[in-house]
Amino acid sequence: MRVFIKTYGCQMNERDSEALAAQLTAAGYRMVESEDQADVLLFNTCSVREAAERKAKGKIGYLKKLKSRNPALIIGALGCMAQRLGHELLEELPHLDFVLGTGQLHMLVPTLTELAAARRRLALTEPSAEVLDAMGAHLPAAWSAQIAITRGCNRFCSYCIVPYVRGREISRDPADIVAEARRLVAGGVRELLLLGQNVAAYGLGGNNNPPPPDCSPFADLLEELDRIPELLRVRFTSPYVSYFNDRLIAAIAGSRTVCHNIHLPLQSGSDAVLRAMNRQYTRAGYLEKVAAIRAALPDVTFSTDVIVGFPGESEADFQLTRDTMNEVGFEQAYIFKYSPRPGTRAAALTDTVPEEVKEERNRILLDDLGARVAAGLRSYVGCEVEVLTEGVSARNPGRWTGRTGTNIVVHFEPRPGLEAGTLRRVRVTRSGGVTLFGELVE
Ligand code: SAH
Ligand code: SF4
Ligand code: F3S
């Protein structure tokens, strides 16, 4: 049987899809790149904003005709929206065969076996902890791989659906993570991206209080990974600012592998909005943390997530967000227009900010970001940077790309024998709007 998987949403979902593809391959299924070659179509869905749900539903809805021409086709919805809607999704989409929620992903292979023997429609959405250990499989990787270290979230930010669709936060055993990392590195991986909704809460047993300054199981894990000799780089996403303590900062400062680029979600620069979002820090607290990280890692760059148009966000609140972003000088930012999610606490608030205002605020922040990033890149011209080579550039087959530890993409001309996943020095010759150009240095 041939299987096609389409993934919506975040890196956690990308990683789940990879693990599912690896499980399917091991069970004798063949993964295919296009939906018209497939006997099974799977959609790993996202619920974080209404648009994400609309996209997946539209896509699955559109397959109705295909299914009526080919009734043997099996269509499944997996992941976050599948979890949120369960049976409702089966009712809404009569040609959908099955729904597997986030706690039931490990049941994919048995479910397909069952459907091959006897067709029936089913929705499995029970939470289960088994999924945690069952999702460690990887496809053969090149030089970079992702490892999920936690699942779920206990923070309950008032706007966010994730704790409802991904369930309670659970951490994997450090020995399993390190073993998974060692296997990947033995297979050629040189960069690891550690994933979790709040990676800095790793190993705290789901305790929602940030740990004391000298305690961080996440820092212990980073130190373990640092001891794998061939591993060159470690990145992680996302830490919640209140859990980013002195112990973690010291571990990163002492680390050979952890990149000096920190994704630190801000969400808003206004204390009133942060409070309404149930984010447990203030603008000043956030800025203090940024200063502490900068003091330990002078070359660090930051990226962030920001929401514009949260209920009650005034012009003054928005200006505070804008000022805070400029003050930190983010290297990258993901800016989202607030989208009410059914069942969350914020959904009960009136969505007071009109769509055009959300749009305008979004545009202002993107313009600020674009101008700042371009100016920042100009300052690299003439300097030498170290990059991890990534292979042929997607835009220009004559060039290669590499990435600095601070997450800046650099294009350069390759030399014969150059391999992906190696550290190289590049002299920067010019800058573009979002990337750098340069020459390899011997
Ligand atoms: N756990 C991560 C975020 C996961 S969701 C963290 O806390 O950093 C990714 C981003 O989507 C969030 O950081 C937030 O900026 C955005 N987001 C979440 N819910 C949203 C909503 N209802 N409307 C708009 N953006 C939202
Ligand atoms: Fe959502 Fe907040 Fe958890 Fe991030 S920390 S996943 S924003 S509830
Ligand atoms: Fe990720 Fe979307 Fe689920 S952001 S955790 S795929 S709701």
Side-chain angles (χ1 to χ4, degrees), residues 6-17 43-56 77-85 101-103 105 131 146 148-169 194-202 206 208 210 236-244 262-269 273-274 276-281 286 302-311 313 321 325 330 332-349 351 353 355 358 361-362 365:
K6 164 120 182 104
T7 307
Y8 298 88
C10 65
Q11 279 152 314
M12 256 68 67
N13 254 20
E14 294 285 348
R15 171 66 196 113
D16 282 348
S17 290
F43 298 88
N44 196 3
T45 60
C46 172
S47 272
V48 81
R49 283 166 290 276
E50 205 219 323
E53 289 201 348
R54 211 178 325 116
K55 238 200 265 171
L78 319 173
C80 296
M81 179 180 73
Q83 180 67 38
R84 190 174 88 77
L85 298 174
T102 51
L105 293 176
V131 73
Q146 306 186 337
I149 64 167
T150 67
R151 291 184 79 83
C153 183
N154 285 355
R155 293 299 320 173
F156 287 93
C157 302
S158 66
Y159 50 81
C160 187
I161 196 77
V162 171
Y164 301 90
V165 293
R166 287 245 158 193
R168 294 294 58 73
E169 177 188 284
L194 307 179
L195 299 176
Q197 297 299 346
N198 177 6
V199 282
Y202 170 77
N208 232 357
F236 53 82
T237 192
S238 306
Y240 190 101
V241 64
S242 325
Y243 295 67
F244 215 113
I262 308 289
H263 184 71
L264 202 59
L266 170 67
Q267 311 302 358
S268 170
V273 175
L274 286 170
M277 288 177 162
N278 192 30
R279 296 290 288 188
Q280 293 184 347
Y281 53 88
Y286 184 95
F302 290 96
S303 58
T304 202
D305 290 350
V306 162
I307 295 175
V308 292
F310 186 80
E313 183 188 69
T321 298
M325 289 182 74
F330 293 105
Q332 172 64 288
Y334 302 92
I335 299 154
F336 304 106
K337 289 177 282 175
Y338 172 68
S339 165
R341 306 311 297 127
T344 61
R345 277 186 20 222
L349 305 171
D351 195 359
V353 183
E355 191 55 34
K358 288 182 187 167
R361 291 178 182 173
N362 183 47
L365 296 184

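Read the numbers this way: they start at 1 and go in the same order the structure lists the ligands and their atoms.
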**Request:** Please state which part of F336 comes within less than 4.0 Å of ligand 1, counting heavy atoms only: side chain, backbone, both or neither.
**Result:** side chain
**Request:** For atom 1 (Fe) of ligand 3, grab the closest protein heavy atom and report residue, atom and distance to one decimal in Å.
**Result:** C10 SG, 2.3 Å
**Asked** For atom 7 (S) of ligand 3, what's the nearest protein heavy atom and its distance?
**Response** S47 N, 3.2 Å
**Request:** Going by heavy-atom distance to atom 11 (O) of ligand 1, choose the closest among R49, Q11, H263.
**Result:** R49
**Request:** Measure the distances from the heavy atoms of R166 to every atom of ligand 2 and state whether one is below 4.0 angstrom.
**Result:** no
**Asked** Are any of the N/O atoms in Q197 less than 3.5 Å from those in ligand 1?
**Response** yes
**Request:** Number the atoms of ligand 1 from 1 as they appear, then name those within less than 4.0 Å of a heavy atom of R341, with their elements.
**Result:** 22 (N)
**Item:** Q197 contact mode with ligand 3 (heavy-atom cut-off under 4.0 Å)
**Value:** side chain
**Request:** Would you please say whether a donor-acceptor pair under 3.5 Å links the side chains of Y243 and R155?
**Result:** yes
**Prompt:** What residue and heavy atom of the protein are closest to atom 6 (S) of ligand 2, and at what distance?
**Reply:** Q197 OE1, 3.5 Å
**Message:** Please state which option from P265, G196, C153, P239 has its nearest heavy atom closest to atom 3 (Fe) of ligand 2.
**Reply:** C153
**Asked** Which protein heavy atom lies closest to atom 3 (Fe) of ligand 3, and at what distance to 0.1 Å?
**Response** C80 SG, 2.3 Å
**Prompt:** Which option out of D305, L266, L264 puts a heavy atom nearest to atom 12 (C) of ligand 1?
**Reply:** D305
**Prompt:** Of all the atoms in ligand 1, which lie at a distance below 4.0 Å from a heavy atom belonging to V48?
**Reply:** 5 (S), 18 (C), 19 (N), 20 (C), 21 (C), 22 (N)
**Request:** Would you mind finding which of S238, C157, A201, P163 brings a heavy atom closest to atom 2 (Fe) of ligand 2?
**Result:** C157
**Message:** I'd like the name of whichever of Y159, F156, Y164 reaches closest to atom 7 (S) of ligand 2 through any heavy atom.
**Reply:** Y159
**Complete:** Quick look: R279 vs ligand 1, heavy-atom contacts under 4.0 Å, and the answer is side chain
**Message:** So V308 and E313, do their side chains get closer than 4.5 Å, heavy atoms only?
**Reply:** yes
**Side-chain heavy-atom pair R279, C157 within 4.5 angstrom cut-off** = yes
**Asked** Hey, is C46 touching ligand 3 through its side chain, its backbone, both or neither, going by heavy atoms under 4.0 Å?
**Response** both
**Sub-4.0 Å heavy-atom approach of R166 to ligand 3** = yes
**Asked** Can you tell if the side chain of P342 reaches within under 4.5 Å of the side chain of R84, non-hydrogen atoms only?
**Response** yes
**Item:** Residue pair Q280 / N278, side-chain donor-acceptor N/O under 3.5 Å
**Value:** yes
**Prompt:** Would you say C160 reaches atom 1 (Fe) of ligand 2 with an N/O/S atom under 2.8 Å?
**Reply:** yes
